[in-house]
K.L.:
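Can you read through this structure? Questions will come right after.
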Amino acid sequence: MPQVTLNGDAKQTLHQNLLQLLDEMGQTQGRFAVEINGKLIPKSQLANVTLQDGMNIEVVQAVGGG
């Protein structure tokens, strides 16, 4: 069971890939960007990223407004 950090919070998960984790956490709504250990991950690759202990995952949601 990998333990990762998601937006500063430690999480332990049964999921095997990044897309599953982000879906569960409600982080795949609207426009967003994902970075792992400082590297930007294309949305098309989220399902291909296997979760590993110690990953530092940052998700940024785009918010519109004026």
Side-chain angles (χ1 to χ4, degrees):
M1 185 178 326
Q3 182 161 339
V4 300
T5 302
L6 177 62
N7 291 342
D9 294 325
K11 304 278 182 200
Q12 220 170 12
T13 180
L14 295 174
H15 297 302
Q16 295 301 310
N17 73 55
L18 181 56
L19 183 59
Q20 292 171 334
L21 173 64
L22 296 180
D23 276 341
E24 177 186 301
M25 303 306 294
Q27 297 290 319
T28 57
Q29 309 301 318
R31 296 173 51 191
F32 64 97
V34 180
E35 189 178 272
I36 297 177
N37 300 331
K39 181 180 175 191
L40 189 62
I41 306 299
K43 288 182 192 177
S44 62
Q45 296 300 311
L46 296 179
N48 299 328
V49 175
T50 302
L51 295 176
Q52 299 174 0
D53 280 331
M55 279 184 160
N56 185 22
I57 304 163
E58 295 292 328
V59 180
V60 178
Q61 298 284 337
V63 178

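Computation of the quantities below employed the complete heavy-atom set of this structure, encompassing side-chain atoms and omitting hydrogens, waters and symmetry-equivalent molecules. Bear in mind that the values here come from a model prediction, so they are computed numbers and not experimental data.
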K.L.:
Which atom names give the shortest non-hydrogen contact between T13 and M1, and what distance separates them?
P.N.:
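Taking every non-hydrogen atom into account, O-CG, 2.9 Å.
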K.L.:
To the nearest 0.5 Å, what is the distance between CD1 (I57) and CG (D9)?
P.N.:
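Output value for this atom pair is 11.5 Å.
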K.L.:
Rounded to the nearest 0.5 Å, what's the gap from CG on L6 to CE on M55? Could you check?
P.N.:
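Rounded to the nearest 0.5 Å, the CG-CE separation comes out at 12.0 Å.
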K.L.:
Supply the atom-to-atom distance E24 CD to L19 CG, rounded to the nearest 0.5 angstrom.
P.N.:
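That separation rounds to 12.0 Å.
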K.L.:
Where do H15 and L51 come nearest, in terms of heavy atoms and distance?
P.N.:
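That closest heavy-atom pairing would be O-CD1, 3.6 Å.
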K.L.:
Applying side chain to side chain contact (heavy atoms under 4.5 Å, CB included), can you list everything that pairs with Q16, at least two apart in sequence or on another chain?
P.N.:
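If we apply the side chain to side chain contact (heavy atoms under 4.5 Å, CB included) test to Q16, skipping adjacent residues, the hits are Q20.
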K.L.:
Tell me every residue that passes side chain to side chain contact (heavy atoms under 4.5 Å, CB included) with N48, counting only those two or more places apart in sequence or in another chain.
P.N.:
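Checked N48 against side chain to side chain contact (heavy atoms under 4.5 Å, CB included); matches are Q45.
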K.L.:
Quick check for you: to the nearest 0.5 Å, what is the distance between L22 atom CG and K43 atom NZ?
P.N.:
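Interatomic distance, L22 CG to K43 NZ, rounded to 0.5 Å: 11.0 Å.
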K.L.:
Per the side chain to side chain contact (heavy atoms under 4.5 Å, CB included) rule, which among N56, I41, L46 passes with I36?
P.N.:
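Running side chain to side chain contact (heavy atoms under 4.5 Å, CB included) over N56, I41, L46 with I36 returns exactly one hit, I41.
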K.L.:
Show your reasoning for whether side-chain hydrogen bond (donor to acceptor under 3.5 Å, both in side chains) applies to D23 and T28.
P.N.:
CA-CA 6 Å; D23 276 341; T28 57; 2.7 Å; yes
K.L.:
Are F32 and V49 connected in a single hydrophobic cluster, I mean Ile/Leu/Val/Met/Phe/Trp/Tyr linked by side-chain heavy atoms less than 4.5 Å apart?
P.N.:
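Shared cluster, yes.
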K.L.:
Any heavy-atom pair between the side chains of N7 and M25 that's under 4.5 Å?
P.N.:
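M25 does not reach N7 side chain to side chain.
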K.L.:
Tell me the closest heavy-atom pair linking Q3 and A10, and the distance in Å.
P.N.:
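That closest heavy-atom pairing would be NE2-CB, 3.9 Å.
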K.L.:
Tell me if a side-chain donor or acceptor on Q52 pairs with a main-chain N or O of P2 at a distance below 3.5 Å.
P.N.:
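Such a contact is absent between Q52 side chain and P2 backbone.
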